[in-house]
Amino acid sequence: MPHSPVLLVIAHGSRDPRHAATVHALVREVRAQRPGVRVETAFLDFNVPSVHGVLESLAAQGVRDVVALPLLLTRAFHAKADIPAVLRQAPRGLRIRQADVLGPDPLLVAALERRLYEAGLTPADKPTTGVVLASAGSSDPEAIAVIAEIAREWRHTGWCAVRPAFASASLPRTADAVRELRALGCARVAVAPYVLAPGRLPDRIAEGAAEADVLADVLGAAPEVARVLVDRYEHALARQLTALGA
């Protein structure tokens with residue numbers, strides 16, 4: 001039986017050691033959910049191994065099929081430009097398919113709620129609690145629109161209100177969104193970081209949450225997030241089979 005294509009998870013990377021540690025923990029969860037698939041990790045910047053280094057190693061081992069999965073929540077510059085540029089430099093003989101980014105996905109919203117409940121909220125708190133959906137931010141209008149839409153849809157699940165906020169590039173900031181929810185009359189305000197791993201921008205979100213009642217943890221290695229990675233891998237394989245059968 002032929003081997004399944006290697007899943008190459010491509011993270012951004014960070015000077016903050018918590019970032020890589022969280023990425024590796026998430027990849028371990030993915031391996032636990034799909035033990036029959038070889039899963040490798042690479043970073044665009046700051047951390048090793050690099051994407052090119054992993055691809056060179058895989059090619060030298062005789063691997064031929066790779067699904068490259070951007071560990072990104074929105075389809076912004078890194079997914080549209082940086083990662084495709086790196087993949088185009090892959091060794092000859094490797095067949096690489098780039099999977100979709102992780103968001104939006106209902107499982108990610110479930111992971112956000114998991115983190116809020118772990119931070120002390122309960123489902124009974126939803127009608128009186130306003131939530132700040134705090135993301136890293138982007139200069140890409142498509143990415144910003146996706147975050148705003150997630151906030152609108154999440155509001156319909158029973159929260160008092162949900163407002164998007166951004167740590168960089170876009171407005172409002174987390175602290176401003178917290179104050180807006182207070183002004184709306186929400187009895188409690190919670191901040192849900194829509195980020196995958198700790199780092200400089202998540203720290204900025206935490207600083208902006210100083211006046212909130214609850215600050216959830218980053219998404220990290222939540223099982224729902226790992227399930228999204230598995231789903232994106234499987235969807236990439238399905239597209240490949242469809243293309244071959246066309």
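Bear in mind the structure is a predicted one, so any value in this text is a computation, not a measurement.
Rounding to the nearest 0.5 Å gives a distance of 6.0 Å between CD1 of I147 and OG1 of T74. Here the straight-line distance linking atom CG of L215 with atom CG of L116 works out to 9.5 Å at 0.5 Å rounding. Here the CG atom belonging to L229 is positioned 11.0 Å from the CG atom belonging to L107, to the nearest 0.5 angstrom. One finds the OG1 atom of T128 at 4.5 Å from the CZ atom of R188 (value rounded to the nearest 0.5 Å). Note that CG of D65 and CZ of R95 are 4.0 Å apart. Values are rounded to the nearest 0.5 Å. Here the CZ-CZ distance, from R163 to R179, works out to 15.5 Å after rounding to the nearest 0.5 Å.
Under the 4.5 Å side-chain criterion, counting only non-hydrogen atoms from C-beta, L108 is not in contact with I150. Between L181 and W159, the closest side-chain pair of non-hydrogen atoms is not below 4.5 Å. Side-chain atoms of V214 and T129, non-hydrogen and from C-beta on, never get closer than 4.5 Å to each other. Put simply, the side chain of P5 reaches to within 4.5 Å of the side chain of L237, judged on heavy atoms. Annotation: side chain of P223 is in contact with side chain of R114 (closest heavy-atom distance under 4.5 Å). Side-chain contact check for Y233 versus V30: every heavy-atom pair is 4.5 Å or farther apart. Proximity of R38 to L58: side-chain heavy atoms (C-beta onward) are separated by under 4.5 Å at one or more points. By the 4.5 Å heavy-atom criterion applied to side chains, T22 and L196 are not counted as neighbours.
Using modelled atom types, one side-chain atom of R173 and one backbone atom of S170 make a donor-acceptor pair closer than 3.5 Å. In this structure, the side chain of T41 does not engage the main chain of V9 through any donor-acceptor pair within 3.5 Å. Without hydrogens or angle criteria, R232 side chain to V101 main chain gives a donor-acceptor distance under 3.5 Å.
Scored by the side-chain contact (heavy atoms from CB on, under 4.5 Å) test, P84 finds R88, Q98 as partners (sequence neighbours excluded). Annotation: ring pair (Phe, Tyr, Trp, His ring centres under 6.0 Å) contacts of H24 (sequence neighbours excluded): F43.
Nearest heavy atoms, R64 versus G93: CD-O, 3.2 Å. Looking at every heavy atom in both residues, L102 comes nearest to L73 through CB-CD2, 4.3 Å. Of all heavy-atom pairs spanning S135 and F166, the tightest one is OG-CD2, 3.1 Å. The two atoms that bring A222 and L26 nearest to each other are O-CD1, 4.4 Å, heavy atoms only. In this structure, A177 and P164 approach most closely via the heavy-atom pair CB-O, 4.2 Å. Closest of all the heavy-atom pairs between A20 and N47 is CB-ND2, 3.9 Å.
We find that R152 and E149 are joined by a salt bridge, their nearest charged nitrogen and carboxylate oxygen being less than 4.0 Å apart. Using a cutoff of 4.0 Å between basic side-chain nitrogens and carboxylate oxygens, E118 and R115 are scored as salt-bridged. Using a cutoff of 4.0 Å between basic side-chain nitrogens and carboxylate oxygens, D203 and R200 are not scored as salt-bridged. Here R182 pairs with D213 in a salt bridge; the nearest charged N to carboxylate O distance falls below 4.0 Å.
Transitive grouping of hydrophobic side chains (ILVMFWY, heavy atoms separated by less than 4.5 Å) brings W154 and Y117 into a common cluster. No path of Ile, Leu, Val, Met, Phe, Trp and Tyr side chains, each step under 4.5 Å between heavy atoms, connects V86 with V67, placing them in separate hydrophobic clusters. Hydrophobic clustering places L72 together with I96 (ILVMFWY residues linked when any side-chain heavy atoms are closer than 4.5 Å, directly or through intermediates). Linking ILVMFWY residues whenever their side-chain heavy atoms come closer than 4.5 Å, directly or via other members, leaves V27 and L44 in distinct clusters. The cluster map of Ile, Leu, Val, Met, Phe, Trp and Tyr, joined by side-chain heavy atoms under 4.5 Å apart, puts V131 and V178 in different clusters.
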### Task
Walk me through it: do L87 and I10 pass the test side-chain contact (heavy atoms from CB on, under 4.5 Å)?
CA-CA 11 Å; L87 295 179; I10 302 177; 4.2 Å; yes

### Task
With side-chain contact (heavy atoms from CB on, under 4.5 Å) as the test, would you mind laying out the steps for V109 and E153 before giving the verdict?
CA-CA 10 Å; V109 175; E153 292 296 321; over 6 Å; no

### Task
Take D100 and R239 through the side-chain contact (heavy atoms from CB on, under 4.5 Å) test and state the conclusion after the steps.
CA-CA 11 Å; D100 294 331; R239 288 201 306 268; 3.4 Å; yes

### Query
Given the rule in the side-chain contact (heavy atoms from CB on, under 4.5 Å) test, do R34 and V39 qualify, once you have shown the distances and angles that lead to the verdict?
CA-CA 9 Å; R34 281 299 303 269; V39 186; 5.9 Å; no

